Asks: 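This is the structure, below, for whatever I ask next.
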Amino acid sequence: MPDQVQPNNNQASTHDAQLAAEQIASGEEKTPKVDFEADYAAAQQFNVSEIDRTDKGKTAAEIATAPKYEISTPEETKTQTQPTSNPDDYLEMAKDIGASRTEAVTTVSDDLVKQALQNS
């Protein structure tokens, strides 16, 4: 179904578009009709080339997209970790780090930011 083009001189983005809109508005030129469905159908004809519709085109596409190098299949490996020391030692270390309030800043407050800005 053709659609009617409604040119608007104020919305024209180029000088040529403004001139065309003025000429259509004055009647010097006909208003073009646009048939989106027909244009879309025509564009689909260009979507696939003639050779791609044949067996020769299918073979050419397979050759063009074939991998150039042989890809090896990865081997599956399983790794099992063995404990190397006493887990209680790590638990103690974690408690020491978590309890250290003087060595590292754990929260940032507005006062801390103001103090940092004053010291810089």
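Every value quoted in this text rests on a predicted model; they were computed, and no experiment measured them.
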Asks: List, one per line, each side-chain donor-acceptor pair under 3.5 Å for residues 59-80, sequence neighbours excluded.
Replies:
unit_1: T59; atom_1: OG1; unit_2: D55; atom_2: O; d: 3.0
unit_1: T65; atom_1: OG1; unit_2: A61; atom_2: O; d: 2.8

Asks: Decide yes or no for T31 and K33: does some side-chain heavy atom of the first lie under 4.5 Å from some side-chain heavy atom of the second?
Replies: no

Asks: For D39, is the CG atom crowded, meaning more than 12 foreign heavy atoms sit under 6.0 Å from it?
Replies: yes

Asks: I'd like a table of donor-acceptor pairs (distance under 3.5 Å, sequence neighbours excluded) in which one partner is a side-chain atom from residues 17-26, with atom names and distances.
Replies:
unit_1: E22; atom_1: OE2; unit_2: N9; atom_2: ND2; d: 3.3
unit_1: S26; atom_1: OG; unit_2: E22; atom_2: O; d: 3.2
unit_1: S26; atom_1: OG; unit_2: Q23; atom_2: O; d: 3.1
unit_1: S26; atom_1: OG; unit_2: E28; atom_2: OE2; d: 3.3

